[in-house]
Number of protein chains: 2
Amino acid sequence: MTLATQSDAKIALFDRTFDYGQLPSLIGFHLRRASLLDFSTFPEEIGDRSITPLRYSVLEVVGANPGLRQMQLAAVLGLSKPAATLAIDFWEARNCLSRRRLPEDGRARGVHLTEEGEGTLIELRKQVARHDRALTASLSDDERRTLQIVLRKIIEGGDAN
Amino acid sequence: MTLATQSDAKIALFDRTFDYGQLPSLIGFHLRRASLLDFSTFPEEIGDRSITPLRYSVLEVVGANPGLRQMQLAAVLGLSKPAATLAIDFWEARNCLSRRRLPEDGRARGVHLTEEGEGTLIELRKQVARHDRALTASLSDDERRTLQIVLRKIIEGGDAN
DNA sequence: TATTGTTATACTCTATAACTATA
DNA sequence: TATAGTTATAGAGTATAACAATA
């Protein structure tokens, strides 16, 4: 028995053709590769390699929800407590985020954009939108829209749209 | 100026609603989340937490290209040399892969499935296909097909299809 | 001198748990 | 006793470079 026969797509390398087996039939395989491509090209557009997609998303969510608590931020983005702490530390060191004690609960901190953070976010938004546009440059508007809907369906496990 | 107004989608948590800002307009955001969901549910179907998507893909590619060199395997899957070495080590320790010297080049090793490896791959293929099907259970066949095509376009940067 | 593959090392991320301060 | 957040620590994954064997 040869397992090499059920192929589906090939790749040319070293003057030879290789077979991906059943991998190309898997949505997860393509999702992984597209997401990796997104990550790997992200810093090219942003310039600053220390600004990762995750760190950008933290700034974005704080901008959209001024004063939310660190735990809330963590829950919204699916971060662990330490991950939230570290991401906020990163932006605080750059004077883009600030922590403020809440009068109603001395344990909690509300997270806010600083003035510099607002400017940084406005700039980042443009760059990230440009990067995302470049990532999907080969798609029609219709395909881009469909892709977004279908990905949401996957993420919400069938309860979406 | 408030940055919280350009919202697009919301999430309910802690008896409150939070805003994702521009994140939901980004394909990359959804790709990341869908891919993370894929990864996080993968071990549930496979059972063995040490068998990662990457390690499975190594077995798959060796099965589809018996005897390919380690460097070729690395290139096909976009792995670094050490990553290829370690992945092959993993399967060799489980008696699923073997390295064989090539008569025509003493430096290179060809990678082969063992008999046990063939059985393991056959089983894994079924489980992985089932997992991928579950991941996309909320999609119609048509949507699944479209998704695959569109993701390939992204990956190949516009030269695809 | 270049290439295949291995090993060593370091760096990033993540996950857990211990800790503090408040409640 | 429980919760918000911080710090400490360890584990997985990845990337680079040094290395051994062969060409």
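Below, chains carry the letters A, B, ... as their sequence lines are ordered, and counting in each starts from 1. Predicted, not measured: the structure shown is a model, and the values here were computed from it.
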When the distance from [atom1] of [X] to [atom2] of [N] is rounded to whole Å, what number comes out?
X: A/F39; N: D/dA15; atom1: CZ; atom2: C1'; value: 17 Å
X: B/Q70; N: D/dA21; atom1: CD; atom2: P; value: 16 Å
X: B/I51; N: D/dA12; atom1: CD1; atom2: C1'; value: 17 Å
X: B/R100; N: C/dG5; atom1: CZ; atom2: C1'; value: 18 Å
X: A/L102; N: C/dA23; atom1: CG; atom2: P; value: 10 Å
X: B/L77; N: D/dG13; atom1: CG; atom2: P; value: 15 Å
X: B/L79; N: D/dT14; atom1: CG; atom2: P; value: 8 Å
X: B/K81; N: D/dC19; atom1: NZ; atom2: P; value: 14 Å

How do A/D105 and A/L86 order along DNA chain D: which one's closest nucleotide is nearer the 5' end?
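Its nearest nucleotide being more 5', the pick is A/D105.
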From C-beta outward on [X], which listed nucleotide comes closest to its side chain: [options]?
X: B/T52; options: C/dA21, C/dA8, D/dG13; value: D/dG13
X: B/R55; options: C/dT6, C/dT4, D/dG13; value: D/dG13
X: B/M71; options: D/dG13, C/dG5, D/dA8; value: C/dG5
X: B/R101; options: C/dG5, D/dT16, D/dT22; value: D/dT22
X: A/R107; options: C/dT4, C/dA21, D/dT16; value: C/dA21

Would you say [X] places a side-chain N or O within less than 4.0 Å of OP1 or OP2 belonging to [N]?
X: A/Q72; N: D/dA4; result: no
X: B/R99; N: C/dT6; result: yes
X: A/T85; N: D/dT6; result: yes

Side chain to side chain contact (heavy atoms under 4.5 Å, CB included) partner of A/E143, chosen from B/I154, B/T146, B/V150
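Option passing the side chain to side chain contact (heavy atoms under 4.5 Å, CB included) with A/E143: B/V150.
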When we call it a touch if two heavy atoms are under 4.0 Å apart, what does A/S50 touch: a base, just sugar-phosphate, or nothing?
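Nothing, no nucleic acid heavy atom in range.
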Need one value for A/A108: base, sugar-phosphate or nothing, where a base atom within 4.0 Å counts as base even if backbone is also close, heavy atoms only.
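The answer is sugar-phosphate, as A/A108 gets under 4.0 Å only of primed atoms, P, OP1 or OP2.
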Quick one about A/R94 and A/S50 (side-chain donor to acceptor, distance below 3.5 Å, no hydrogens or angles considered), yes or no?
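The criterion, which ignores hydrogens and geometry beyond distance, is satisfied for A/R94 and A/S50.
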If only side-chain N and O atoms count, and only distance matters, is there a donor-acceptor pair under 3.5 Å linking B/R144 with B/T136?
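Their side chains do contain a donor-acceptor pair, which is all the 3.5 Å distance test asks for.
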Could you tell me whether the side chain of B/D132 and the main chain of A/L26 form a donor-acceptor pair under 3.5 Å?
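Not a single qualifying donor-acceptor pair exists.
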Examine distances only and state if a side-chain atom of A/Q148 and a backbone atom of B/I27 form a donor-acceptor pair shorter than 3.5 Å.
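No, A/Q148 side chain to B/I27 backbone: no donor-acceptor pair under 3.5 Å.
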Judged by each residue's nearest nucleotide on DNA chain C, which is more toward the 5′ side, A/P103 or B/P82?
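Result of the comparison: B/P82.
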